[in-house]
Amino acid sequence: MIDYATLRINKCPFMETKTFCSACKVHCYRKEEREQIRAVMRYAGPRMLLRHPVLVIRHLLVEWKEKREGRLKAV
């Protein structure tokens, strides 16, 4: 999974300007891999709060902003 994710990140045309994949308009992952990434994030997300609290807060702010502007579907 990490090799696939690294490959997709390296080929992303928006990497210079985007913040997080969850806030991106274009999904680079195939459907099966998207489901696997969601499972990984469900596990890793809460644990990130202890290791990288600033990144978690930043991620939540970006998602909140995208949802507020109507560009991100509520999951």
Hey, are the side chains of Q36 and Y4 touching, using non-hydrogen atoms and a 4.5 Å cut-off? no
Linked hydrophobic residues, V26 as query - side chain contacts closer than 4.5 Å: F14
Once rounded to the nearest 0.5 Å, what's the spacing between atom CD1 of I2 and atom CG of L7? 12.5 Å
Minimum side-chain heavy-atom gap R38-M41 below 4.5 Å: no
Polar side-chain atom of R8 near backbone of Y29 as donor-acceptor pair, under 3.5 Å: no
Drop me the distance from C28's SG to R34's CZ, to the nearest 0.5 angstrom. 9.5 Å
Just list the side-chain donor-acceptor pairs under 3.5 Å for residues 53-61, sequence neighbours left out, or say none.
from: H59; atom 1: NE2; to: S22; atom 2: OG; distance (Å): 3.4

Backbone of Y43 reached by a side-chain donor or acceptor of R47 within 3.5 Å: yes
